[in-house]
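Here's the structure we're looking at; comments come further down.
Quick caveat, the model's predicted, so the values are computed rather than measured. Order of the sequence lines fixes the chain letters, A, B, ..., with proteins taken first and strands second; residue numbering starts at 1 for each chain.
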Amino acid sequence: MAGSMGYQLSFNQIWTNFDKLAEGLLLSLGLAFISILIGAIIGLVLAIWYVSAGRVARTFISGYVEFIRNVPLLLLVYLVFYGLPTVVNISYSAPVSFVVTLSLYAGAYLVEVFRSGLDAVPKGLLDAGKAMGLTPWQRLLYVRLPTMTRITLPALSNTFISLFKDTSIASVIAVPELTYGAQWINNKTFRIVEVYAVTTVLYVVTGYAILFGLRLLERRFRVER
Amino acid sequence: MTATNLLQIDKLSKSFAENQVLKSIDLSVAAGEVVSVIGPSGSGKTTLLRCVNFLEVYDGGSIQIDGREVGYVDTSSRKRRGEVDLAGMRAETGMVFQSFNLFPHLTAEQNVMLGLRRVRKKPLKEAREIAQHWLSRVGLSHKADALPSELSGGQQQRVGIARAVAMDPKILLLDEITSALDPELVNEVLDVVRQLAVDGMTMLMVTHEIAFARDASHRIVFMADGLVSAQGKPDDLMAEVATNERLRNFLSRFSATAH
Ligand SMILES: Nc1ncnc2c1ncn2[C@@H]1O[C@H](COP(=O)(O)OP(=O)(O)O)[C@@H](O)[C@H]1O
Ligand SMILES: [Mg+2]
């Protein structure tokens, strides 16, 4: 098969270096998974705090959310990896730095998701919890959070898919995830079309598989409202 | 003032912003008594019930259950009870809602068990036995493991009743519990309430089922414009139609819309 400039497609060298892509894919999934876990904890704590707190706390939380949402992720990665260690005296590896960044990033988006989820819990359910004598914490634990989780599951799935794709940005600080693996193979073999074609397929297929799994989960837990 | 009344409401008032919904309600319910509240929509019936378990904060007057002031530390001061204290008081009243309000993530049995476990602190085995007992009383033993979304409206409401009475409340509050149901499902729910009345459960219920109120309750209260306009034994109240124009209008409008 000949390209317009006589470029011969050849996947051989992609397959011989495929371990770089496979390991990269696993790392990407791992980074996304850890980040959504930490991000969900940040988001949940801040969302619960937000709905029960006064003006000062709300301003602080909104500030965090607005800041993160208005700074490009790439810039955040640089800020946390290069900027932060020079300002405060800490040092960390690139993967750790990236997880911190992506968690803060996910947290800001998930505060909003959880906050609207908490607001969307039907008031009648909270009344039913009150009427049976549940205390405020018990209502949160046994009524509001379980209902909110089911309401927010679709948004959580979408956030996870986004984070999985966003892990590609970690390549700029040499975290050996999937995109970095692709760059590495490209630099070594100059098979630019082949390596990025295969990498794209890996992102798409994995993303679709995750989505499929999560949609099954959502159907299992759907809330009738 | 009678100490024997389980529920004693005196000069209760409640406003939403400028809108004074309850003006000065005096109402009592004795232990074992079944009292129905009827009245035009918007007359404050729901608000009245919601004040009794402090889902609404009332402005003036007093509500006592078994001699204890609802919501406030005592009758004279307006000092609110703490949240845990409030929760404890609310556990003494059961409430059944117009829109069922079953917890969607819990099965029928788990809905009934939640309060038994977390409020009454019953051991798992005992809580399950009580839940199974009440589900069987409302004819839903076979639906114990069903989620609310898998139940008909009538079945959901029967679970709602089981959830409330399983807590062994001193008084049961029922707010138009059949008005969201298809007509053919109304009776299965009313039958459960009838049975509770026979068993001596103290009940305060808002209803638009006039015929049901007449044969199931000891006393009917007619509310209009935030006041108790008339009350009495069912037959006595119906006799008041001659002298109470509002009641006459309400009941005639009612029979005009009913079939
Ligand atoms: N949470 C609320 N906020 C403002 N107004 C309310 C609220 N709940 C009820 N109302 C008003 O109080 C009045 C009485 O309502 P309600 O107690 O529901 O009457 P009923 O149950 O007799 O139909 C209505 O005018 C209603 O609009
Ligand atoms: Mg009402």
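- Looking at His105(B), its side chain does come within 3.5 Å of a backbone N or O of Tyr142(A) through a donor-acceptor pair.
- Of all non-hydrogen atoms in Asn111(B) and Met132(A), the two that sit nearest each other are O-CE, 4.4 Å.
- Looking only at distances, no side-chain donor or acceptor of Asn53(B) sits under 3.5 Å from a matching main-chain atom of Ala131(A).
- The 12-atom threshold is exceeded at OH of Tyr203(A), counting heavy atoms of other residues, nucleotides or ligands nearer than 6.0 Å.
- For the atom pair CZ (Arg144(A)) and CZ (Phe103(B)), the distance works out to 13.5 Å, reported to the nearest 0.5 Å.
- For the atom pair NZ of Lys123(A) and CG of Asn101(B), the computed distance is 9.5 Å after rounding to the nearest 0.5 Å.
- Annotation: residues 161-179 of chain B contacts chain A through Arg163(B), Met167(B) [non-hydrogen atoms, separation under 4.5 Å].
- Heavy atoms from other residues, nucleotides or ligands lying under 6.0 Å from CZ of Phe54(B) number more than 12.
- Around the CZ atom of Phe212(A), the shell of radius 6.0 Å holds no more than 12 heavy atoms that belong to other residues, nucleotides or ligands.
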Is there a side-chain contact (heavy atoms from CB on, under 4.5 Å) between Arg50(B) and Asp127(A) once you walk through the steps? CA-CA 10 Å; Arg50(B) 290 171 61 86; Asp127(A) 282 344; 3.0 Å; yes
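- Here Leu55(B) contributes atom CG and Leu126(A) contributes atom CG; the two are 10.5 Å apart, rounded to the nearest 0.5 Å.
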Please list every donor-acceptor pair under 3.5 Å in which a side-chain atom of residues 111-118 of chain A meets a protein atom from a residue at least two apart or in another chain.
unit_1: Ser116(A); atom_1: OG; unit_2: Glu112(A); atom_2: O; d: 3.1
unit_1: Ser116(A); atom_1: OG; unit_2: Val113(A); atom_2: O; d: 3.1

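- Note on Ala87(B), Gly115(B), Gly94(B), Ala91(B): by heavy-atom pairs under 4.5 Å with chain A, the leading option is Ala87(B).
- Within 6.0 Å of OH in Tyr92(A) there are more than 12 heavy atoms belonging to other residues, nucleotides or ligands.
- Counting only residues at least two apart or in different chains, salt bridge (charged side-chain N to carboxylate O under 4.0 Å, His left out) contacts with residues 62-79 of chain A are absent.
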Begin from the C-alpha positions of Lys130(A) and Arg90(B) and carry the test side-chain contact (heavy atoms from CB on, under 4.5 Å) through to its verdict. CA-CA 7 Å; Lys130(A) 276 188 191 178; Arg90(B) 287 191 181 119; 4.0 Å; yes
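- Every residue two or more places apart in sequence or in another chain that forms a side-chain contact (heavy atoms from CB on, under 4.5 Å) with Glu126(B) is listed here: Lys122(B), Pro123(B), Ile130(B).
- If you take CD on Glu83(B) and CG on Leu134(A), they are separated by 12.0 Å, rounding to the nearest 0.5 Å.
- Distance CG/Leu125(A) to CZ/Phe97(B): 9.5 Å, rounded to 0.5 Å.
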